[in-house]
Amino acid sequence: MTSPRKCRVAILISGRGSNMASLIAAARAPDYPAEIVLVASNRPEAGGLAAAAQAGIATRALDHKAHASRAAFDAALQLELVAAGIDLVVLAGFMRIFSDGFVEAWAGRMINIHPSLLPLFKGVHTHDQALAAGVRLHGCTVHYVVPELDAGPIIAQAAVPVHPGDDADALAARILVQEHRLYPAALALVAGGQVRLEEGRVTFSADVAGGAGALLSL
Ligand code: GRF
């Protein structure tokens with residue numbers, strides 16, 4: 001019997017790539033529904049690129065500063081994604097905003113992880129935002145990407161407590177542990193077709209109703 005075709009994933013990074021590494025590790029499992037076929041970065045110096053190459057994955061450095069406009073960068077990236085036969089784009093610490101056209105071209109096929117419990121604390125410095133707001137729970141969110149920043153339909157979330165005396169670094173470290181657990185689980189659901197974006201809402205297939213709930217717990 002032939003095994004089902006795996007979803008071909010490109011991971012886009014701008015930095016150290018610890019989430020990328022957790023996804024690469026998860027995708028080594030024979031029954032994982034996605035294969036990581038490309039890692040691309042808008043920053044040639046991103047540490048994650050070397051780690052991906054060492055893991056035997058094709059890498060591309062597309063320096064955004066070498067492109068005349070946002071649209072030109074997005075077009076160059078699109079060429080790479082199409083050439084690699086990518087089904088799903090996974091943003092993992094990719095610190096660059098796309099043109100609306102690029103986002104629309106990947107509607108329902110591009111996901112991101114954000115270090116807060118969206119819709120709280122969009123944008124950057126999310127841990128400082130959480131500390132300033134005095135929330136007692138903080139966390140991370142995997143969501144589909146839409147043109148509006150950090151506003152896409154939510155696939156999965158994990159929460160952590162905020163302890164008295166926490167600073168932004170302590171919170172970031174506690175959340176990163178959850179990110180590395182949540183993102184591979186969420187990607188498996190999307191790549192396996194158990195989670196879909198339908199008319200702007202996330203739907204779960206019946207067999208993962210319990211699994212999706214588990215993603216929400218600590
Ligand atoms: C993570 O906190 C992620 O949530 C955010 O950027 C950070 C990337 O970290 N989008 P890493 O490069 O995956 O280590």
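All ligand and atom numbering here is 1-based and tracks the order in the structure. Keep in mind the model is a prediction, meaning the values are calculated, not measured. For this chain, numbers begin at 1 and follow the sequence in order.
Summary of contacts: the protein heavy atom closest to atom 9 (O) of ligand 1 is Arg16 NH2, 3.4 Å. Nearest protein neighbour of atom 10 (N) of ligand 1, counting heavy atoms only, is Ile113 O, 3.0 Å. Closest to atom 2 (O) of ligand 1 among all protein heavy atoms lies Glu179 OE2, 3.0 Å. Ranking the protein heavy atoms by distance from atom 13 (O) of ligand 1 puts Asn19 N, 2.8 Å first. Ranking protein heavy atoms by distance to atom 7 (C) of ligand 1, first place goes to Gly93 CA, 4.2 Å.
Hydrophobic clustering (ILVMFWY, side-chain heavy atoms < 4.5 Å, transitive): Leu187 and Leu197 are in one cluster.
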* To do: Evaluate the criterion side chain to side chain contact (heavy atoms under 4.5 Å, CB included) for residue pair Leu118 and Ile154; output intermediate values, then yes/no.
  => CA-CA 8 Å; Leu118 289 171; Ile154 291 170; 4.3 Å; yes

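Ligand 1 has an N or O atom lying under 3.5 Å from an N or O atom of Gly17, backbone or side chain. At under 3.5 Å, not a single nitrogen or oxygen of Asn112, backbone or side chain, sits near a nitrogen or oxygen of ligand 1. Polar contact with ligand 1: present for Ser18 (N/O pair, distance under 3.5 Å).
In this structure, Asp166 contributes its side chain and His163 its backbone to a donor-acceptor pair below 3.5 Å. No side-chain donor-acceptor contact under 3.5 Å links Gln157 to the backbone of Ser116.
Relative orientation of the Phe102 and Trp106 rings is tilted, given thresholds of 30° and 60° on the angle between their planes.
Crowding of Glu148 atom CD: a count of heavy atoms from other residues, nucleotides or ligands under 6.0 Å not exceeding 12.
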